[in-house]
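First comes the structure, then the notes that go with it.
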Amino acid sequence: MEYYLQLIVNGLVVGGIYSLVALGFVVIYKATKVVNFAQGELVMAGAYVCFALTVQFNIPFLWAFLVTLAFSVLLGLGIERMVLRPLIGEEHISVIMVTVGMSSVLKSLVQLFWGTQIKVYPQVLPTEPVVVAGLPVAPVYIAAFVLSAALFAIFSLFFKYSRTGVAMRATAFDQQAAQSMGIGIKNIFAMSWCIACVVSAVGGVILGNINGINAHLGHLGLKVFPAVILGGLDSLLGAALGGLIIGVLENVCDGAARQLLGLGGVREVAAFIILVVILMIKPYGLFGTREIERV
Amino acid sequence: MTDILKIENLEVVYNDVVLVLKGLSLSCAEGEITALLGANGAGKSTTLKAVSGLLQAEDGEVTAGSVLYKGEPVQGVIPERIVRRGVFQVMEGRRIFEDLTVEENLRCGAFTRPRSEAARSMERVYEYFPRLRERRRQLAGYLSGGEQQMCAIGRAIMARPDLLLLDEPSLGLAPLLVEEIFEIIQRFNRDEGVTVLLVEQNARAALSVATSGYIMENGRVVMEGTARELLNNPDVQEFYLGMGHGGDKKSYRDVKHYRRRKRWLG
Ligand SMILES: Nc1ncnc2c1ncn2[C@@H]1O[C@H](COP(=O)(O)OP(=O)(O)O)[C@@H](O)[C@H]1O
Ligand SMILES: [Mg+2]
């Protein structure tokens, strides 16, 4: 029993990171209708920048983290300005292919600078586990979960109450109508890329603190698809729950397969099996919008 | 009296090929309601979009002529700037943000205004449309057609424009509601001194609140005058107001007229 509880706790932590990355994905999809295949590479970019700052430049972790966030904002602005803005009005498939290309470029850049070896972050939090509800949990796990939850809370409030947040939702619904209100939709697009880069970088830094990082970190981006499709492509709450559910299910399935069948590696495919099952039952995801129909 | 808006010999082309406006000229006197009437496809919406800058998003281009707002050209200015200069377009078909609440929709209308003003503007919208106050926390997608039109006009009130471009506010509404909405447009015009360019197919309703009007066909203005002149013009009465001139025998011509009238009466 404790074995499974432990799996669930670990799953929640990893799921929290999936949720963050999914949040970035959903924000871009909602505002610009771009399906971003480079989401995982944004995670990787943030993780490596923070790693370089702390280990190679010896900057204290907290400062390095803040600088990483600033870097992510610039990265978001740069990507929107140089890669996506020229494509406004092009076919969806061209834009998708560009994000696929961008993911390769980002990955190659990381390998160029840092190689393919696994890199380990310096220890930031104590390793001594604390006991939560009878289970020993590493402090870094707790920090990770709290940080993901806090970011989610911040962005929920942002989209509900801030002028820019409401304008972003309006733009997501009807770009031309948003323009007619004087909302600058190019700024809105840039803003969504910034948010996506920032939340992904936070996810990457958390992962770096837990597992260390290597050049395959970008594969994480693939896990985001089951999470967002489960949650509904355009729902923030859906992204949060989708990420958590995928994190927990894949961990539990993996653990069960190991213990009961002696099989390893189920973790890598579990999420996609779950995805297929869910699509058969609920094609719009748990929270995806259908058109509102008036009578 | 000065003209806040002056359009001269305007030509608009869509997708580099389709010529939709063919030398259209009109002007709006400051503080007045001007009606722009015409059948489906005449180019009324295109005219408004040329003023508000929304043409750019539809691959439409001004190829000749000029649009002067407060004496300055708006051509090539991005829509966001034009809104900040005081022009606000309520688009055809209401274009409500359906998955935002009524109040969030209204806040979007005030996007270019100082935050300090929002509460007072919101209160004014609710005075004009008490029904919106009751529903302010509901998703706008669940409002009835009439309430959505109120919400769309509410967003315009939030923006405090100097020039309001209204595109077919009566579209798809029951006669009683049309009357209510037009009354409010008139009140808004009188209370705030806002200039209104009112695009309509419902000529009778539009001319009842406007001081002057234009009738366009096929990308050009074919008739203009004060609202009274237009209402008394026999052609307008026959084609656009649906008043038959007695005595004529039924003929093919009548059938054709009937078809044209039908478009006007909706
Ligand atoms: N985005 C567009 N692209 C191409 N043609 C358009 C576009 N919008 C309108 N048109 C054409 O321009 C003409 C005038 O349209 P519009 O201005 O909407 O007329 P109205 O508002 O008077 O009904 C129509 O023939 C319409 O098909
Ligand atoms: Mg129209």
Side-chain angles (χ1 to χ4, degrees), chain A residues 26-27 29-33 85-91 156-191 231-239 284-285 287-295, chain B residues 48-49 51-59 78-101 103-115 118 138-148 151-152 155-156 158-161 165 167:
Chain A
V26 167
V27 166
Y29 180 77
K30 256 182 97 92
T32 67
K33 295 287 173 287
R85 195 169 297 181
L87 287 171
I88 285 181
E90 296 293 326
E91 306 239 353
S156 306
L157 294 175
F158 170 77
F159 284 114
K160 184 73 194 153
Y161 295 108
S162 81
R163 174 185 276 187
T164 312
V166 173
M168 285 179 82
R169 284 161 56 213
T171 307
F173 188 83
D174 186 338
Q175 287 181 7
Q176 201 185 23
Q179 274 185 303
S180 81
M181 320 265 111
I183 295 169
I185 58 171
K186 286 177 183 160
N187 296 340
I188 298 286
F189 291 174
M191 188 82 189
L233 277 175
D234 54 4
S235 159
L236 297 182
L237 179 68
Y284 288 95
F287 302 95
T289 32
R290 268 159 262 202
E291 306 272 288
I292 291 177
E293 282 190 34
R294 269 183 307 111
V295 270
Chain B
L48 294 191
K49 287 178 198 160
V51 178
S52 63
L54 293 176
L55 217 46
Q56 294 162 18
E58 293 188 15
D59 206 5
I78 55 172
E80 188 188 342
R81 283 273 154 68
I82 297 178
V83 174
R84 283 179 197 275
R85 283 204 208 162
V87 178
F88 195 95
Q89 177 173 359
V90 176
M91 297 178 72
E92 183 177 333
R94 314 190 255 276
R95 304 293 280 269
I96 286 297
F97 303 120
E98 295 188 1
D99 53 12
L100 270 58
T101 64
E103 200 152 299
E104 286 168 342
N105 266 277
L106 295 177
R107 282 172 65 198
C108 285
F111 186 79
T112 57
R113 306 295 306 181
R115 277 163 232 269
Q138 282 183 21
L139 286 190
Y142 293 113
L143 298 179
S144 71
E147 290 161 345
Q148 288 195 347
C151 188
R155 291 193 301 206
M158 296 293 292
R160 301 183 174 230
L165 310 170
D167 201 345

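Just so it is clear, the model here is predicted, and its values are computed rather than measured. In what follows, chains are A, B, ... by sequence order, proteins preceding strands, each numbered from 1.
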Minimum heavy-atom distance [X]-[Y], with the two atoms named:
X	Y	value
Phe97(B)	Asp174(A)	CE2-O, 3.7 Å
Val166(A)	Cys108(B)	CG1-SG, 3.8 Å
Arg163(A)	Arg107(B)	N-NH2, 4.0 Å

*asked:* Just so I know, are the side chains of Arg169(A) and Leu100(B) near enough to count as touching, which here means a heavy-atom distance under 4.5 Å?
replied: yes

_Are Asn187(A) and Glu80(B) packed together at the side-chain level, in the sense that at least one heavy-atom pair is separated by less than 4.5 angstrom?_
yes

*Met181(A): which of Arg155(B), Arg95(B), Gln89(B) passes side-chain contact (heavy atoms from CB on, under 4.5 Å)*: Arg155(B)

Look at atom [atom1] of [X] and say whether more than 12 heavy atoms of other residues, nucleotides or ligands are closer to it than 6.0 Å.
X	atom1	result
Arg81(B)	CZ	no
Phe158(A)	CZ	yes
Lys186(A)	NZ	no

So which part of [X] gets closer than 4.5 Å to some heavy atom of chain A, the side chain, the backbone, both or neither?
X	result
Arg115(B)	both
Ala110(B)	backbone
Ile96(B)	backbone
Phe111(B)	both
Arg85(B)	neither

_Just verifying a value: how many Å separate Glu104(B) CD and Phe159(A) CZ, rounded to the nearest 0.5 Å?_
12.0 Å

*When rounded to the nearest 0.5 angstrom, what is the spacing between CG in Leu165(B) and OG in Ser180(A)?*
10.0 Å

